[in-house]
Student: 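This is the structure I have questions about; it appears just below.
It should be emphasised that the depicted structure is a prediction, and the values quoted were computed from it without experimental measurement.
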Amino acid sequence: MAQHDTPVTRLCTHTLTSLHYRDADLVEDLLGKKTFTEVMLMQILGREPRAVDMRITDVVLIVLMEHGLTPSAIATRLIYMSAPENLQGAVSAGLLAVGSSFVGTMENCSQLLDRILAAEDPDAEALAIARHYKGLKSPVPGFGHHLHKPVDPRAYKLLELGRAEPDLDGRHIRALERLSTAVDEVAGRPITINATGAVAALLGEIGVPTAVMRGFAVISRAAGLVAHIVEEQQSPSGRFIWDTVEHAIPYVGEGGKAGGNAAGKERGG
């Protein structure tokens, strides 16, 4: 942007008597007429979403919402235990765990799919990617899962739903399949596509840019973390998690061998 240009926004404007999301009147055009998913896509993508866009987005948001007591949920429960007056703080703490290792890994995978789609020889590019990660002794983003074996059932259901949509051209799904073939060949055994790998392909199919995909994980997981707070209110587990960790990880230094141990004083207040 040149120095003399003034920044603009196209997302929202208001008057004394109206409020618009982009060009749509909130009261007259959206409330009672559009779903949350529809308006969210309109705002993020800057276009009127198709029916297929909403179907794909809904299954993506559902699959990313919850996976039990993962780091994001544990963080939310512990922060809520510490500051129960600050629900939004507890949710935001959990959302900080959405990244390149958990929940948000569709962005990492999508970067690889972009490379395959742009390559003159997609199969060779997929094989080069698989060999690169084998050399690093690191999982290929979008592949493998420590809990779901031999396959991640979420991923294959997502891909089944995506393939069934005639309005999707399938390029990103095929790129993921090419990468899966290469990953299996290099590993010498089948490696499951995981949920975020499938999500990367499906979001790519509906035109979500790679750099925006992690935002869908944030939106989805926020809802899941609110549910964890509701459960924490009804059946608290935060202190149990704290106690479990404290007893499971022993102290091995010299401190506390002589005299009283001050550990745990904070618990009183």
Side-chain angles (χ1 to χ4, degrees), residues 1-66 72 87-89 91-92 94-96 98-99 103-111 113-114 117-118 158-159 161-176 195-196 198-227:
M1 184 177 67
Q3 289 184 346
H4 63 274
D5 289 343
T6 300
V8 299
T9 179
R10 295 180 175 84
L11 293 177
C12 181
T13 190
H14 59 85
T15 70
L16 290 176
T17 58
S18 70
L19 192 144
H20 282 71
Y21 286 12
R22 293 193 181 272
D23 296 330
D25 186 293
L26 172 64
V27 174
E28 299 299 329
D29 301 329
L30 302 181
L31 295 180
K33 298 178 180 178
K34 304 289 187 181
T35 66
F36 173 82
T37 303
E38 197 170 359
V39 175
M40 178 191 74
L41 286 175
M42 179 188 78
Q43 291 293 92
I44 292 175
L45 299 181
R47 62 173 173 81
E48 192 71 22
R50 304 166 297 170
V52 65
D53 299 327
M54 291 183 286
R55 288 193 295 270
I56 292 298
T57 300
D58 275 334
V59 296
V60 163
L61 293 177
I62 290 170
V63 85
L64 293 174
M65 184 170 64
E66 181 62 80
S72 58
L87 182 147
Q88 71 274 22
V91 172
S92 65
L95 292 180
L96 291 175
V98 175
V103 193
T105 54
M106 72 287 295
E107 181 178 309
N108 311 54
C109 182
S110 184
Q111 290 171 351
L113 301 186
D114 289 342
L117 289 168
L158 289 173
L159 293 173
L161 292 170
R163 293 188 192 102
E165 293 285 357
D167 292 329
L168 301 181
D169 64 23
R171 291 177 67 245
H172 290 79
I173 293 174
R174 289 192 294 273
L176 182 65
T196 52
V199 164
L202 292 193
L203 290 181
E205 290 289 337
I206 64 171
V208 177
T210 294
V212 177
M213 289 185 182
R214 196 169 289 171
F216 284 74
V218 169
I219 293 165
S220 175
R221 187 52 61 97
L225 294 176
V226 171

Student: Any side-chain to backbone donor/acceptor pair from T105 onto N108? Under 3.5 Å, distance only.
Tutor: no
Student: Are the side chains of V199 and M213 in contact, using a 4.5 Å heavy-atom criterion?
Tutor: no
Student: Determine, step by step, whether V208 and M106 satisfy the side chain to side chain contact (heavy atoms under 4.5 Å, CB included) criterion, reporting the C-alpha distance in whole Å, the side-chain angles of both residues, the deciding distance to 0.1 Å, and the verdict.
Tutor: CA-CA 11 Å; V208 177; M106 72 287 295; over 6 Å; no
Student: Could you pull out all residues at least two apart from D58 that satisfy side-chain hydrogen bond (donor to acceptor under 3.5 Å, both in side chains)?
Tutor: T37
Student: Any donor and acceptor pair, going by atom type alone, linking the side chain of Q43 with main-chain N or O of L11 inside 3.5 Å?
Tutor: yes
Student: What's the shortest heavy-atom distance between E205 and L168, and which atoms?
Tutor: OE1-CB, 3.7 Å
Student: How long is the span from the CE atom in M54 to the CD1 atom in I206, to the nearest 0.5 Å?
Tutor: 10.5 Å
Student: So, S110 side chain and E107 main chain: donor-acceptor pair closer than 3.5 Å or not?
Tutor: no
Student: Looking at L95 and A222, what are the two nearest heavy atoms and their distance?
Tutor: CD2-N, 3.7 Å
Student: Contact between R221 and L64 at the side-chain level, heavy atoms closer than 4.5 Å - yes or no?
Tutor: no
Student: Could you measure the distance from the CG atom of L161 to the CD1 atom of I173? Nearest 0.5 Å is fine.
Tutor: 9.5 Å
Student: Nearest 0.5 Å please: distance from the CZ atom of R171 over to the CG atom of L113.
Tutor: 10.5 Å
Student: Mind checking the CG-CE spacing from D53 to M40? Nearest 0.5 Å is all I need.
Tutor: 10.5 Å
Student: With sequence neighbours excluded, tell me which residues meet side-chain contact (heavy atoms from CB on, under 4.5 Å) with I62.
Tutor: none
Student: Minimum heavy-atom separation for C109 and L176, please, with both atom names.
Tutor: SG-CD1, 4.0 Å
Student: Any salt bridge (charged side-chain N to carboxylate O under 4.0 Å, His left out) involving residues 14-31? Give me the pairs, sequence neighbours left out, ordered by first then second residue.
Tutor: none
Student: Apply side chain to side chain contact (heavy atoms under 4.5 Å, CB included) to V60 and S220, showing your working.
Tutor: CA-CA 8 Å; V60 163; S220 175; over 6 Å; no
Student: Are any of the side-chain heavy atoms of V27 and S18 separated by less than 4.5 Å?
Tutor: no
Student: Are I44 and I219 side-chain neighbours, meaning at least one heavy-atom pair lies under 4.5 Å?
Tutor: yes
Student: Check E48 with K34, please: is the shortest side-chain N to carboxylate O separation under 4.0 Å?
Tutor: yes
Student: Provide the closest heavy-atom pair for L41 versus T57 in the form atom of the first, atom of the second, distance.
Tutor: CD1-OG1, 3.4 Å
Student: Considering all heavy atoms of both residues, which atom of G162 and which atom of L202 are nearest to each other, and what is their separation?
Tutor: CA-CD2, 3.8 Å
Student: What heavy-atom pair brings A24 and L30 nearest, and what distance separates the two atoms?
Tutor: CB-CD2, 3.9 Å
